[in-house]
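Report on one structure; see the data block that follows.
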4 protein chains.
Amino acid sequence: MAKPKGRKKGSDEKPKLLRRGPDRRRQIVAAASQLFARKGFEGTSIREIAAASGVLSGSLYYHFPSKEDLLFTVHQESLTAMRREVEAAIADVTEPWARLEEAIVAHCRILLGGSVTRAILTPPRYYNLQGVRKLVRQRDEYERIFARLIDDLPLKADCDRHAFRLSMLGAMNWTVFWFSAGGRLSVDDVGRQIALMVRGAALERPRK
Amino acid sequence: MAKPKGRKKGSDEKPKLLRRGPDRRRQIVAAASQLFARKGFEGTSIREIAAASGVLSGSLYYHFPSKEDLLFTVHQESLTAMRREVEAAIADVTEPWARLEEAIVAHCRILLGGSVTRAILTPPRYYNLQGVRKLVRQRDEYERIFARLIDDLPLKADCDRHAFRLSMLGAMNWTVFWFSAGGRLSVDDVGRQIALMVRGAALERPRK
Amino acid sequence: MAKPKGRKKGSDEKPKLLRRGPDRRRQIVAAASQLFARKGFEGTSIREIAAASGVLSGSLYYHFPSKEDLLFTVHQESLTAMRREVEAAIADVTEPWARLEEAIVAHCRILLGGSVTRAILTPPRYYNLQGVRKLVRQRDEYERIFARLIDDLPLKADCDRHAFRLSMLGAMNWTVFWFSAGGRLSVDDVGRQIALMVRGAALERPRK
Amino acid sequence: MAKPKGRKKGSDEKPKLLRRGPDRRRQIVAAASQLFARKGFEGTSIREIAAASGVLSGSLYYHFPSKEDLLFTVHQESLTAMRREVEAAIADVTEPWARLEEAIVAHCRILLGGSVTRAILTPPRYYNLQGVRKLVRQRDEYERIFARLIDDLPLKADCDRHAFRLSMLGAMNWTVFWFSAGGRLSVDDVGRQIALMVRGAALERPRK
DNA sequence: TATGAATGAGTCTTCATTCAT
DNA sequence: CATGAATGAAGACTCATTCAT
């Protein structure tokens with residue numbers, strides 16, 4: 001955008017000194033993660049990421065060959081973390097609906113938890129990037145966890161499990177747009193509420 | 001000197017696709033609508049919108065003073081259309097769950113229908129635009145329709161109606177990312193499926 | 001400039017209805033005159049001139065083939081008016097210094113008088129326009145009036161009449177940058193003061 | 001992808017004219033200075049300034065956040081230099097008229113000297129810039145030097161010292177429009193002639 | 001490893017200009 | 001005569017990227 005928004009003093013502003021070493025990489029990924037999630041891929045500039053990571057823009061290119069690659073890394077690491085979290089959450093649970101609930105809660109927890117990893121879940125099929133396939137494959141693989149959980153669910157005959165999964169994920173992912181920490185609901189509450197909502201499609205529900 | 005090269009001097013042949021007049025404005029809004037929805041505000045360039053509208057980039061500025069203003073217009077017109085559609089859909093329905101279902105279907109229909117209007121429902125609180133407040137107000141007003149519908153619903157005591165609404169809207173809005181016309185599910189099917197999913201939070205459901 | 005300054009409603013704003021006919025041309029010249037003088041040639045847009053003249057931008061091209069031509073016309077008419085004024089002012093005066101004083105006052109009067117004509121006296125040799133020569137010739141011809149007046153002056157031997165003329169014109173023309181109507185000094189006062197200065201404002205001078 | 005094509009991979013040959021480092025900044029200011037003075041602020045494009053500085057247009061923004069800021073810098077540095085020069089010139093002079101003469105000569109010298117600094121003295125009140133106040137304040141402060149010099153002058157009772165100062169500055173500043181190096185008059189000659197004029201170039205004056 | 005400085009394509013926007021109606 | 005709508009080049013500014021030091 002060609003908008004002169006404010007007066008800046010210099011271009012590459014001296015960042016506050018942070019720890020260096022292999023932490024750097026993680027810091028950059030974390031910063032990029034947050035910024036991509038908040039402002040989108042094209043809405044985030046390399047310089048912003050650099051500033052938030054405590055380096056200058058040029059230095060990023062030592063760690064990542066391109067902005068796109070950074071996105072891939074962020075995506076991958078986020079998905080890896082989410083899978084780990086989700087799988088751990090359902091490991092000891094057996095009842096199908098309970099398993100789904102725990103998965104949902106775990107997903108929301110890491111998504112909203114302000115953790116280093118904050119996935120860009122907006123299906124990147126719309127980005128005109130070259131390596132999108134890789135991203136899509138990663139994401140699909142992650143979502144397959146939920147597909148399996150849903151397969152195990154006793155659902156009404158007219159319920160389409162494909163639509164069910166995507167709608168549910170929509171409800172979960174959309175939370176990044178409205179959840180605000182410090183509000184009435186905790187991160188876990190949000191997950192529980194979605195689980196509660198979603199459970200309605202069950203073929204039958206135990207009478208209370 | 002600015003010599004228009006693209007205009008042909010042909011005698012009586014009217015330009016076919018690119019009708020002028022107030023249609024232009026609508027065309028531009030439609031194109032912008034689609035592109036904003038697909039690629040995001042910053043991911044869409046004025047030139048793309050112009051090309052999709054059959055004009056050159058400079059011409060947009062005859063109709064809209066800025067890209068931001070175009071976004072506002074798109075937003076406003078989309079929301080207006082959606083409200084009209086949704087209100088019409090529920091006008092003759094009285095049973096609370098049925099009302100909600102019709103509203104959901106109407107929302108999805110216009111969202112996915114390839115119609116001129118395709119709302120950008122991503123809460124724009126993340127854009128660093130100046131006039132975002134206006135957008136947010138518009139959207140909140142629209143969403144209040146759903147708030148009222150949900151108020152009329154008999155829901156379990158532990159169901160938070162606020163979270164319910166936002167999660168449901170998330171499920172609905174997220175469809176723009178995965179729905180593909182020509183697939184197994186029709187636009188209306190998608191809406192029905194979401195209604196089906198969401199209905200689960202009912203305090204009690206008639207035994208079948 | 002690519003600065004989004006404010007939000008505009010439309011591009012070509014409906015101007016208030018003004019009288020048409022041959023007045024139009026004069027109106028346009030007058031408006032252009034003022035704007036060029038205030039904001040410079042490149043700082044003034046055709047649309048501004050149009051708006052100030054009560055027409056839309058396209059209509060200007062009926063009267064003038066180009067912005068440049070409009071500048072030429074403004075220039076010419078201004079100089080013609082100034083010459084007329086100046087020559088009238090000195091017609092009945094004979095004493096050389098008095099003649100110069102009247103010329104200066106007349107020059108300033110028309111320059112500052114808010115009259116329709118307000119010359120752009122900034123030597124246009126700096127514009128990279130094609131027809132600048134014409135402008136320069138016109139201006140030089142006008143300034144020759146002052147050259148002749150100065151020739152008749154009894155000046156010190158070490159006074160360079162060329163530098164004298166140009167410096168004096170500089171003092172006169174620069175007034176457009178600082179004179180403000182309604183201030184302590186009237187338009188005529190300004191002229192008189194300049195005349196006083198060039199004549200020697202010193203209270204007393206040591207006899208040589 | 002932005003591949004720098006203009007850089008050569010030559011081994012030991014240093015770029016000749018285009019030295020980097022803090023010189024760049026000075027070069028840019030110098031180039032902008034000249035161009036602004038000659039063609040005006042809006043008449044000068046960033047690309048021109050860049051070309052004259054030996055860089056590409058984008059590079060300017062590493063050094064200056066905006067064209068406006070560049071103008072401010074040019075203005076400030078020019079005025080600072082002029083004040084220094086002028087104050088040095090009058091330091092050892094005591095007689096009021098002689099002091100004024102030296103100040104005028106110094107002002108013209110630096111204005112016309114082709115030095116790095118060439119002030120834009122055109123009162124920028126007409127620019128529609130945001131920070132004009134700053135510029136005006138800077139300039140007013142500089143001109144106060146002359147106000148004080150004039151205060152010390154024994155002037156006729158009917159001479160308005162305010163108008164005197166502004167007219168004199170007009171004569172001085174206007175020189176940038178007509179002075180051409182290599183002509184009959186040197187830079188210093190121009191200053192002396194103006195001093196002569198304002199002092200009263202009349203050969204003799206009728207005794208009152 | 002990190003940085004300062006540069007690059008150049010691309011962004012939004014303006015504007016002189018054209019012309020069918 | 002005037003307008004509405006369009007044009008396309010140019011303007012200021014941004015940004016991913018490069019690379020010598």
Side-chain angles (χ1 to χ4, degrees), chain A residues 1-5 10-12 14-15 20-21 24 42 44-48 50 54-63 65-68 70, chain B residues 1-7 9 14 18 20-22 24-25 42 45-47 50 54-63 65-68, chain C residues 1-5 10-12 14-15 20-21 24 42 44-48 50 54-63 65-68 70, chain D residues 1-7 9 14 18 20-21 24-25 42 44-48 50 54-68:
Chain A
M1 286 215 245
K3 291 185 192 177
K5 278 162 199 163
S11 279
D12 271 315
K14 211 78 176 179
R20 6 198 106 203
R24 260 302 133 72
E42 17 261 321
T44 304
S45 85
I46 278 277
R47 275 180 178 80
E48 280 177 287
V55 287
L56 290 198
S57 70
S59 312
L60 281 192
Y61 288 82
Y62 178 81
H63 300 282
S66 77
K67 193 186 177 189
E68 242 176 77
L70 183 49
Chain B
M1 311 266 179
K3 289 176 194 165
K5 285 165 195 162
R7 214 82 68 68
K9 285 219 128 182
K14 296 207 173 180
L18 315 180
R20 352 200 120 202
R24 260 297 136 72
R25 207 190 132 93
E42 17 258 324
S45 85
I46 278 279
R47 272 182 182 79
V55 289
L56 290 195
S57 71
S59 311
L60 282 192
Y61 288 82
Y62 181 80
H63 301 280
S66 77
K67 195 185 175 191
E68 234 176 88
Chain C
M1 288 216 248
K3 291 187 192 172
K5 279 161 201 166
S11 279
D12 271 316
K14 212 78 175 179
R20 5 197 107 202
R24 260 300 133 73
E42 21 261 320
T44 303
S45 83
I46 278 278
R47 275 180 178 79
E48 282 176 286
V55 287
L56 290 198
S57 70
S59 313
L60 281 192
Y61 287 82
Y62 178 80
H63 302 281
S66 78
K67 194 187 178 191
E68 240 176 79
L70 183 49
Chain D
M1 312 267 179
K3 288 177 195 165
K5 286 164 195 164
R7 215 81 66 70
K9 283 218 133 182
K14 297 209 171 177
L18 315 181
R20 351 199 122 205
R24 258 300 134 73
R25 208 190 130 93
E42 16 258 323
T44 304
S45 85
I46 278 279
R47 272 182 183 80
E48 283 175 287
V55 289
L56 290 194
S57 71
S59 311
L60 280 193
Y61 289 83
Y62 181 80
H63 302 279
F64 298 92
S66 76
K67 193 187 176 190
E68 235 176 89

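All chains are named by letter (A, B, ...) in the order of the sequence lines, taking the proteins before the strands, and each is independently numbered beginning at 1.
Here B/Ser59 pairs with B/Val55, B/Leu56 under the side-chain contact (heavy atoms from CB on, under 4.5 Å) rule; sequence neighbours left out.
Looking at the side chain of C/Ser57, the nearest of the listed nucleotides E/dT17, F/dC13, E/dT13 is E/dT17. Side-chain atoms of A/Leu56 lie closest to E/dT3 of the nucleotides E/dT3, E/dT13, F/dC13.
Atom CD of B/Glu42 and atom P of E/dG10 are 19 Å apart (whole Å). Atoms OH (B/Tyr62) and P (F/dT3) sit 11 Å apart, rounded to a whole Å. One interatomic measurement links the two molecules: OH of C/Tyr61 to C1' of E/dC19, which rounds to 13 Å at whole-angstrom precision.
At the phosphate of E/dC12, neither OP1 nor OP2 sits under 4.0 Å from any side-chain N or O atom of B/Arg47. Residue C/His63 places at least one side-chain N or O closer than 4.0 Å to OP1 or OP2 of F/dA2. In this model, the phosphate group of E/dA2 is approached by a side-chain N or O of A/Arg24 to a distance below 4.0 Å at OP1 or OP2.
Between D/Ser57 and D/Arg47 the shortest heavy-atom distance is CB-CG, 3.8 Å. When all heavy atoms of A/Lys67 and A/Glu42 are compared, the closest pair comes out as NZ-CA, 4.2 Å.
A residue-by-residue look at D/Ile46 and D/Ser59 shows that D/Ile46 has its nearest nucleotide of DNA chain F further toward the 5' end. In terms of position along DNA chain F, the nucleotide closest to B/Leu60 lies nearer the 5' end than the nucleotide closest to the other residue of the pair B/Leu60 and D/Ser45. The 5' end of DNA chain E is approached more closely, in terms of each residue's nearest nucleotide, by D/Gly58 than by the other of C/Thr44 and D/Gly58.
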Based on Watson-Crick and G-U pairs with both distances under 3.5 Å, what dot-bracket line describes DNA chain E 5' to 3', crossing pairs as [ ] and inter-strand pairs as |? .||||||||||||||||||||
